[in-house]
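Encoded as structure tokens, the structure appears first; notes follow it.
We use all heavy atoms of the structure for the numbers below, so side chains are in, but hydrogens, waters and symmetry mates are not. Predicted, not measured: the structure shown is a model, and the values here were computed from it.
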Amino acid sequence: MSRKYSIGDVARKLNMTTRTIRFYDQKNLVKPESIGENGYRYYGEEQIQRLELINYLRGLNFSIKQIKQLLNDQKGSDSLLLLFQKQIEENDAQIADLKQKQTQLRHLAKTIATRKIDADGLTDIAKIMKKETRLTNLRRKMWLFSFSILLIEVLGIFSAYQFKQSNALPVMWLSIATMLVLIFGLTAFLTKYYYDQVEYICPNCGTKFIPAMTTFIFSAHTPKFRRLACPHCHQKSYCLEIARKYFLGNGVLYRL
């Protein structure tokens, strides 16, 4: 007979609050395995594993609605497996990078100790310390652009209010029209810029592909996935989003 855990045991085991566990129950994400005559909730290993998965996805900024969609999707488990495999690869790359940095730092410390460091050595260290993933940088830029659009909206609303107070209606409508055109233009540029930087991996057959622009815009998505139909196997599922890779040849930028 499998062991049953009280809600307090689960909270301590997963380092989370009982309130959060009850919240997931209310949202029909994780129901207790059984409820005792005293009204206490009891959870089994399957529920604990599901809670661990939800906590991980929440840590990646998935919303409750997105998690529910992914868990209920027919190909959701394949999408999650692809995400985990990709994360393992990224973690291995980071571990290798950290090992390289450790080796470089030990060498640097030894060099400093013997007072034989030169400018080139410092430059190499600086380059190593500045390495970051392209996709992380891209998403940070997107947040910055989004904040700029929000700022424009706030300024536009404030300006329209001021013009209304001064009864300058023609100027107010011109201001609103200008603001809308500017917001639409920035949003279109932002969407196109992001679209040009990413591609997707099908969890069913592993094909890398770039969807049509209209499909990209209107498809459901989460922080790491976009629901797309693979052009190779034609299965529609949550495909993993990755950064496109490029190389420079004869002064021309090519995609790998």
Side-chain angles (χ1 to χ4, degrees), residues 56-70 73 75-76 78-91 93-94 97 130-156 178-249 251-256:
Y56 177 77
L57 294 175
R58 291 290 285 166
L60 295 177
N61 297 322
F62 281 66
S63 68
I64 295 297
K65 181 180 178 181
Q66 291 168 341
I67 292 174
K68 191 176 292 186
Q69 288 174 341
L70 195 58
D73 186 80
K75 292 290 183 178
D78 293 335
S79 298
L80 288 170
L81 179 60
L82 184 60
L83 172 64
F84 298 153
Q85 290 172 339
K86 192 69 178 177
Q87 192 64 57
I88 290 171
E89 292 177 6
E90 290 179 2
N91 290 345
Q94 290 177 10
D97 188 49
K130 288 180 181 178
K131 285 183 178 178
E132 292 182 276
T133 61
R134 290 181 60 243
L135 196 54
T136 300
N137 288 335
L138 175 61
R139 285 173 177 152
R140 287 175 180 170
K141 290 178 182 178
M142 293 291 290
W143 278 109
L144 181 61
F145 283 135
S146 299
F147 177 77
S148 301
I149 292 175
L150 178 62
L151 184 61
I152 291 172
E153 289 179 352
V154 172
L155 290 175
T178 303
M179 179 190 70
L180 291 175
V181 170
L182 186 57
I183 291 173
F184 178 79
L186 284 174
T187 302
F189 167 78
L190 185 61
T191 303
K192 181 63 167 61
Y193 175 78
Y194 193 81
Y195 170 77
D196 289 339
Q197 301 296 318
V198 297
E199 58 185 345
Y200 296 88
I201 303 177
C202 173
N204 187 57
C205 65
T207 300
K208 286 184 183 180
F209 67 97
I210 300 171
M213 183 70 171
T214 52
T215 303
F216 170 84
I217 292 173
F218 295 108
S219 57
H221 62 89
T222 72
K224 296 280 187 178
F225 300 105
R226 193 170 292 269
R227 187 167 171 77
L228 301 166
C230 174
H232 180 71
C233 67
H234 306 293
Q235 291 283 342
K236 192 169 187 178
S237 51
Y238 282 91
C239 300
L240 183 64
E241 183 177 87
I242 62 172
R244 297 189 201 181
K245 295 181 180 179
Y246 299 91
F247 71 95
L248 189 64
V252 180
L253 198 62
Y254 299 91
R255 189 175 73 86
L256 290 174

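- Evaluation of the side chain to side chain donor-acceptor pair (under 3.5 Å) rule for Ser63 yields Gln66 as partners, not counting sequence neighbours.
- With sequence neighbours excluded, the residues forming a side chain to side chain donor-acceptor pair (under 3.5 Å) with Lys192 are Asp196, listed by chain and number.
- In this structure, Leu240 CG and Lys208 NZ are separated by 10.5 Å, a value rounded to the nearest 0.5 Å.
- Applying the side chain to side chain donor-acceptor pair (under 3.5 Å) test to Gln87 and every residue at least two apart in sequence or in another chain returns Asn91.
- Atom CG of residue Leu80 and atom CG of residue Leu57 lie 6.0 Å apart, to the nearest 0.5 angstrom.
- Distance check, rounded to the nearest 0.5 Å: NE2 of His221 to CG of Leu228 gives 10.5 Å.
- Annotation: side chain to side chain donor-acceptor pair (under 3.5 Å) contacts of Asp78 (sequence neighbours excluded): none.
- Interatomic distance, Leu83 CG to Glu90 CD, rounded to the nearest 0.5 Å: 8.5 Å.
- Here the SG-OH distance, from Cys202 to Tyr238, works out to 14.5 Å after rounding to the nearest 0.5 Å.
- Under the salt bridge (Lys or Arg N to Asp or Glu O under 4.0 Å) criterion, the residue pairs touching residues 225-236 are Asp73-Arg227, with sequence neighbours excluded.
- Within the structure, ring pair (Phe, Tyr, Trp, His ring centres under 6.0 Å) contacts touching residues 196-218 (residues at least two apart or in different chains) are Tyr195-Phe216.
- With sequence neighbours excluded, no residue forms a side chain to side chain contact (heavy atoms under 4.5 Å, CB included) with Ala93.
- Of all non-hydrogen atoms in Leu70 and Ser79, the two that sit nearest each other are CD1-CB, 4.3 Å.
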List the steps, then state whether side chain to side chain contact (heavy atoms under 4.5 Å, CB included) holds for Tyr194 with Glu241.
CA-CA 11 Å; Tyr194 193 81; Glu241 183 177 87; 2.4 Å; yes
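- Expressed to the nearest 0.5 Å, how far CD1 of Ile67 lies from CZ of Phe62 amounts to 7.5 Å.
- Every residue two or more places apart in sequence or in another chain that forms a side chain to side chain contact (heavy atoms under 4.5 Å, CB included) with Ile64 is listed here: Phe23, Tyr24, Lys27, Leu29, Arg58.
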